[in-house]
Amino acid sequence: MELQLGLALPNHNNPSAGNGVGFKSRKDAANKRSFQEAFGNYKIRDELQMMPLLLWSGPPDEEDDDRKGQKKRNSCNNINKNEEEGEELVVGWPPIQSWRKKSLLHGQHPQQGQVGRRVSKFVKVKMEGVGIARKINLSLYNSFETLANSLIHMFATYQKSEKRGVRYTLTYQDKEGDWLIAGDVPWQTFIESVQRLEILRCGAVESRP
Amino acid sequence: MESESKRKKESPNTAELAVTASFPDEVLEIVLSLLTSHRDRSSVSLVCKDWYRAERWSRTQVFIGNCYSVSPEILTRRFPNIRSVTLKGKPRFSDFNLVPPNWGADIHAWLVAFAAKYPFLEELRLKRMAVSDESLEFLASNFPNFKLLSLLSCDGFSTDGLAAIATHCKNLTELDIQENGIEDSSGSWLSCFPESFTSLEVLNFANLTSEVNTDALERLVSRCKSLKVLKVNKSISLEQLQRLLVRAPQLEELGTGSFLQDLTARPYADLESAFNNCKNIHTLSGLWEAVPLYLPALYNSCANLTFLNLSYTALQSGEFAKLVVHCPRLRRLWVLDTVEDKGLEAVGSNCPLLEELRVFPADPFDEEIIHGVTEEGFVAVSFGCRRLHYVLYFCRQMTNAAVATIVQNCPNFTHFRLCIMTPGLPDYLTNEPMDEAFGAVVKTCSKLQRLSVSGLLTDLTFEYIGKYAKNLETLSVAFAGRSDRGMQCVLEGCPKLRKLEIRDCPFGNEALLSGLEKYESMRSLWMSACNVTMNACRRLAKQMPRLNVEVMKEDGSDDSQADKVYIYRTVAGPRRDAPPSVLTL
């Protein structure tokens with residue numbers, strides 16, 4: 001199943017939406033897409049600033065502490081469930097000491113007889129317009145969905161000052177040095193060839209060499 | 001000890017004068033030397049000048065909860081005869097990477113002062129301090145009577161430093177290297193203990209990773225006849241463990257190495273017999289990668305176990321339940337949440353004497369796989385273990401009703417640390433905040449000293465805490481509260497509050513400044529990712545000269561916001577060793 005990958009906020013006006021991310025899966029053949037198709041009608045929503053989840057990754061908004069009631073929180077929690085896979089998205093949470101975390105990562109996974117060891121694959125992630133790059137461990141993810149969720153969360157703070165309606169595309173540089181749109185190839189292929197990631201604003205994609 | 005002349009007191013009551021004059025300092029010192037509790041000693045020193053003097057001469061152990069609250073000079077001046085020092089450094093949230101790396105808490109200046117003033121120092125226990133190899137070498141070379149080194153959550157040293165300790169500390173009885181950020185380059189440090197060295201009673205290197213020379217270890221264990229505590233690391237196999245056990249049947253605390261090895265029948269029988277032969281083991285830990293197949297070798301040893309630490313091994317509920325049936329005397333249990341609610345039910349059924357339970361998450365960052373423990377496991381334990389008073393519980397869901405039941409069953413909680421891992425999660429059945437849960441805890445558990453809250457919490461939780469938690473000393477808060485009022489309730493209401501650590505809460509300047517006088521009666525306050533501004537911190541610093549107000553700035557954040565604030569009382573003034581990212585206001 002081909003996945004379209006965009007970067008957008010979870011649609012929490014409709015908390016019953018199956019996935020929190022807001023991307024569609026398409027059954028198209030693996031032909032090239034224009035970047036318009038690549039990420040559809042997704043916008044950064046107003047509520048981004050108000051979502052307590054995203055406030056946690058940076059200094060909270062001073063103006064509005066009102067948590068906007070229970071409903072938003074519930075949908076936050078659904079979203080949270082999808083996003084936090086493998087990587088600690090909020091620094092120091094849950095409060096587990098670093099040496100304990102290390103021992104868990106190197107420890108045995110409760111699978112039959114296997115001693116699961118994750119081979120880390122760290123890649124740099126840059127977001128256009130943001131000075132600070134991040135590094136993530138791709139081996140902790142198993143799909144574009146979880147990766148996108150994580151990236152949304154990670155870079156949400158930098159989107160505060162953006163105008164409404166900005167769209168983003170996730171691109172990556174492969175082993176040959178070419179820049180491609182993430183989501184075009186199966187996850188396994190992607191993992192093997194990805195060298196670094198970059199989140200571009202719409203319009204920027206076309207100008208890449 | 002010089003004897004000091006008695007001073008006549010100006011007292012209208014001549015009978016009283018007669019009594020104090022006839023009570024020689026030497027006797028007073030002997031009496032006071034029997035006091036071991038730090039708090040008792042503090043109280044004693046406040047009675048009068050004579051008692052202050054006698055107390056300071058007779059004190060041999062000192063506990064410093066915040067290394068920056070006092071300086072080495074002040075300490076050594078007041079207490080001339082210290083043999084044992086316990087020092088804690090960085091704020092607790094440094095364990096979770098919330099403190100910049102070169103923040104401070106370096107032991108070296110202390111060691112230099114001790115070398116001059118306490119050359120007969122015997123014991124050093126450090127927690128969250130920065131310790132370099134150079135410091136360890138200095139320690140090893142300057143204190144001929146040195147006996148005990150315990151390092152917990154420290155960082156900055158490597159196995160080279162340990163080699164220096166092993167080589168030079170001829171009187172060492174205890175080397176306890178608990179979980180630290182240590183650079184483990186090689187296991188050769190263990191071979192540095194001289195062949196003539198026999199005094200070791202405690203050896204804990206469980207959290208190091210390099211292989212040690214097993215022959216050297218065996219010889220060491222053989223010749224140290226007083227060895228009571230041995231905790232080896234993962235590199236030690238089951239067969240090697242068996243050889244060690246055979247040489248140390250007197251062991252009381254054992255940390256095994258890897259429990260994963262292909263043992264044929266004979267070695268397994270030997271292992272079992274070695275365990276059976278150690279009749280004094282009351283504490284068991286390690287058991288890395290424990291394969292259920294070999295756990296029965298432990299069953300007989302488990303009969304006398306009071307503390308079982310399985311937090312490094314992912315046991316499933318069935319195999320854990322089988323093990324726990326053999327542990328009727330258990331008082332302390334640490335496990336991973338892979339044992340699930342069923343495993344905890346087995347605990348409830350088999351361990352009536354249980355006082356402490358810690359359940360750690362095996363996959364803390366993985367939300368997609370549904371596993372771990374829920375409120376049911378906790379409730380089950382509370383029904384079976386009425387003496388439970390210390391709990392650390394990581395879970396993914398909880399209800400107010402469950403917590404109410406738990407504290408009804410176990411009203412004697414002194415430490416209640418509940419971590420619902422998704423921030424801001426409500427009661428999953430009623431969708432309400434978890435206020436009533438913690439309300440029940442503080443209303444019912446009058447002896448509560450330490451509380452960590454989590455889940456969706458409004459200011460009501462803090463109203464409850466302020467109103468009822470009269471013995472509370474340590475409070476940890478994250479992703480909770482609605483307004484300044486929450487924090488204010490706590491500051492106004494908890495008379496014994498010593499440590500308050502807050503992160504990601506909507507508490508701001510008003511809350512911060514409402515605690516002005518309170519902070520001098522506390523050890524420290526930590527606030528990060530809240531709504532506190534630099535100006536408020538400056539005001540606080542200005543009004544309270546006996547507090548150090550430190551702000552840690554993050555890259556790229558707003559200049560007017562105080563991202564991380566650490567405030568503590570001190571007699572040593574502002575510290576001079578802060579890195580550039582830490583501003584002392």
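Residue numbering restarts at 1 for every chain, and letters A, B, ... go by the order of the sequence lines. The figures here come from the full heavy-atom set of this structure, side chains too, leaving out hydrogens, waters and symmetry mates.
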What pair of heavy atoms forms the shortest contact from [X] to [Y], and how long is it?
X: A/Val91; Y: B/Asn97; result: CG1-O, 3.9 Å
X: A/Gly92; Y: B/Arg503; result: O-NH1, 3.1 Å
X: A/Arg100; Y: B/Ser311; result: NH1-OG, 3.0 Å
X: A/Pro94; Y: B/Phe394; result: CB-CE2, 4.1 Å

Separation between CZ (B/Phe360) and NZ (A/Lys101), nearest 0.5 Å, reads 14.0 Å

One should read off an interatomic distance between B/Thr422 OG1 and A/Trp93 CH2, to the nearest 0.5 angstrom, of 9.5 Å

The interface call for B/Leu336 against chain A, heavy-atom contacts under 4.5 Å, is side chain

Hits for ring-ring contact (aromatic ring centres under 6.0 Å, His included) against A/Phe190, two or more places apart or cross-chain, chain-then-number order -> A/Phe144, A/Tyr172, A/Trp187

Sorted by chain and number, sequence neighbours left out, ring-ring contact (aromatic ring centres under 6.0 Å, His included) with A/Trp99 holds for none

[X], [atom1]: over 12 other non-hydrogen atoms inside 6.0 angstrom:
X: B/Glu510; atom1: CD; value: no
X: B/Arg485; atom1: CZ; value: no
X: B/Lys553; atom1: NZ; value: yes

